Amino acid sequence: MSARIISGTAIAFQIREEIRQEVIELKAQHGIEPGLVTIIVGKNPASISYVTAKQKTAKELGFYSVQEDMPEDISETALLEMIGKYNKDPKIHGILVQLPLPKQVNETKILYAIDPDKDVDGFHPVNVGKLMIGEARFYPCTPYGIQQLLMRSNVQIDGAEVVVVGRSNIVGKPISMMLAQKAKGANATVTMCHTGTRDLTFHTKRADILIVAAGRPKAITADMVKEGVVIIDVGVNRIGMTPEGKAKLCGDVDFEALKEKAAAITPVPGGVGPMTITMLMLNTVKAAKYTVSSKQ
Ligand code: GUN
């Protein structure tokens, strides 16, 4: 068997066209341009590449977008002041602080400082709590993208055995919570595995849907899954350079071996990555729309 390749690039394109339409309507009916500020601290190449892609997409979709490049040695106070400024700026509907942050800055304190109504990453504890009780306004972008990939590829989620490998606040925990909700595109039985899991293969072999955010190449090999599994590979590992000088990427699963065993699989690049960026745009439009509905 050769797996169906789930193209994040194609599905993200489709969603971006829907967003483009919404942006036109928001402008025509309410005179509002969705506004997004991305704040990056330091020169981490992965962070720069993500934020550049986010800004490019925002511009392409007709957003008002601002990028703040801050030095690696920025003080926590200066970063908090900047967030305070954008919390008050009516042209900005979404604030994104790219993670990770340098050591002198307390990440939790920064995430708390963002107005929850502008928290398009869905990382503020208020939004994390709302997600937990099934009342989320903003789903974190990567989990939201994963759920859309599954739904738009007609993968049966309701009743499925979903195994998530990884328990990060950005991916593992929120996707586990989202897919376990009693809701459309969810209602699955979810198992969350992590570095403390005693027998990883015992769990991964049971998965109908396997979501891997382990942060390590080939963390999942063909002997660890059952025939016909659907695999979502969230990994982005940089493994050298292409001849064009671009970073060469690979995911967290042994793609070549697994595509012979899986029913469907996402590639890296071109799987989850483009979806994450697109869901950020969707969250920013949601945030902009919210300012309209809260005024009415
Ligand atoms: N670093 C890695 N992924 C993300 C993300 O989705 N949002 C932010 N802000 N930082 C990240």
Side-chain angles (χ1 to χ4, degrees), residues 1-15 139 142-168 171-237 249-276 278-279:
M1 186 166 66
S2 195
R4 172 161 65 106
I5 305 296
I6 299 178
S7 169
T9 308
I11 295 173
F13 181 84
Q14 207 179 65
I15 300 174
Y139 296 110
T142 302
Y144 196 7
I146 294 170
Q147 190 181 38
Q148 286 296 314
L149 273 182
L150 292 169
M151 289 172 79
R152 290 178 186 243
S153 310
N154 297 315
V155 173
Q156 168 88 20
I157 305 172
D158 195 322
E161 290 290 335
V162 173
V163 175
V164 177
V165 182
R167 60 175 153 192
S168 70
V171 184
K173 284 183 206 161
I175 191 64
S176 299
M177 196 49 66
M178 283 165 68
L179 297 184
Q181 296 288 337
K182 192 165 187 172
K184 195 164 161 256
N187 209 29
T189 303
V190 180
T191 305
M192 184 167 31
C193 299
H194 44 72
T195 48
T197 299
R198 235 181 299 152
D199 184 352
L200 182 60
T201 302
F202 168 80
H203 296 286
T204 54
K205 262 194 184 295
R206 288 177 31 249
D208 300 318
I209 301 171
L210 181 61
I211 300 171
V212 190
R216 178 160 65 81
K218 297 199 180 168
I220 304 294
T221 47
D223 56 312
M224 294 171 77
V225 301
K226 72 175 181 193
E227 196 86 32
V229 62
V230 173
I231 298 177
I232 305 289
D233 187 352
V234 190
V236 186
N237 301 292
L249 304 179
C250 81
D252 284 354
V253 311
D254 184 354
F255 181 84
E256 287 309 319
L258 281 162
K259 81 174 181 348
E260 300 307 320
K261 209 166 171 188
I265 187 167
T266 58
V268 177
V272 175
M275 292 298 289
T276 297
T278 300
M279 303 330 277

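Numbers for residues simply follow the sequence, beginning at 1. Treat the numbers as computed from the prediction; the structure is a model and nothing was measured. Heavy-atom basis, side chains included; hydrogens, waters and symmetry copies ignored.
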Check this for me, if you would: do Lys184 and Asp158 make a salt bridge, where the nitrogen-to-carboxylate-oxygen distance has to be below 4.0 angstrom?
no
Please name the pair of heavy atoms, one in [X] and one in [Y], separated by the smallest distance, quoted to 0.1 Å.
{"X": "Cys250", "Y": "Pro217", "result": "SG-CB, 3.8 Å"}
{"X": "Ala207", "Y": "Val163", "result": "CB-CG2, 3.6 Å"}
{"X": "Met192", "Y": "Gly166", "result": "CG-O, 3.8 Å"}
{"X": "Gly172", "Y": "Ser176", "result": "O-OG, 2.7 Å"}
{"X": "Ile5", "Y": "Phe255", "result": "CD1-CZ, 3.7 Å"}
{"X": "Thr221", "Y": "Lys218", "result": "CG2-O, 3.9 Å"}

Atom NZ of Lys205 with >12 non-hydrogen neighbours under 6.0 angstrom:
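Yes, NZ of Lys205 has more than 12 neighbouring heavy atoms, counting only those of other groups under 6.0 Å.
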Side chains of [X] and [Y]: does their closest heavy-atom pair fall under 4.5 Å?
{"X": "Lys173", "Y": "Ser168", "result": "no"}
{"X": "Met279", "Y": "Ile15", "result": "yes"}
{"X": "Thr195", "Y": "Arg167", "result": "yes"}
{"X": "Ile265", "Y": "Asp233", "result": "no"}
{"X": "Arg206", "Y": "Thr191", "result": "yes"}

May I have the step-by-step check of side chain to side chain contact (heavy atoms under 4.5 Å, CB included) for Val272 and Leu149, ending in yes or no?
CA-CA 8 Å; Val272 175; Leu149 273 182; 4.1 Å; yes
Set out, in order, the CA-CA distance, both residues' side-chain angles and the distance that settles side chain to side chain contact (heavy atoms under 4.5 Å, CB included) for Val155 and Arg4, then state yes or no.
CA-CA 11 Å; Val155 173; Arg4 172 161 65 106; 4.2 Å; yes
Look up atom CD in Gln147 and atom CD1 in Ile157, then write down how far apart they are to the nearest 0.5 Å.
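Output value for this atom pair is 6.0 Å.
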From Thr9 OG1 over to Met275 CE, what is the distance, rounded to the nearest 0.5 angstrom?
10.0 Å
May I have the step-by-step check of side chain to side chain contact (heavy atoms under 4.5 Å, CB included) for Ile11 and Ile6, ending in yes or no?
CA-CA 9 Å; Ile11 295 173; Ile6 299 178; 4.2 Å; yes
Of Val164, Ile211, Ile209, which is the lone residue that meets side chain to side chain contact (heavy atoms under 4.5 Å, CB included) with Ile146?
Ile211
Check: Asn187 side chain, Gly159 main-chain N or O, donor-acceptor pair, under 3.5 Å
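No; zero donor-acceptor contacts below 3.5 Å.
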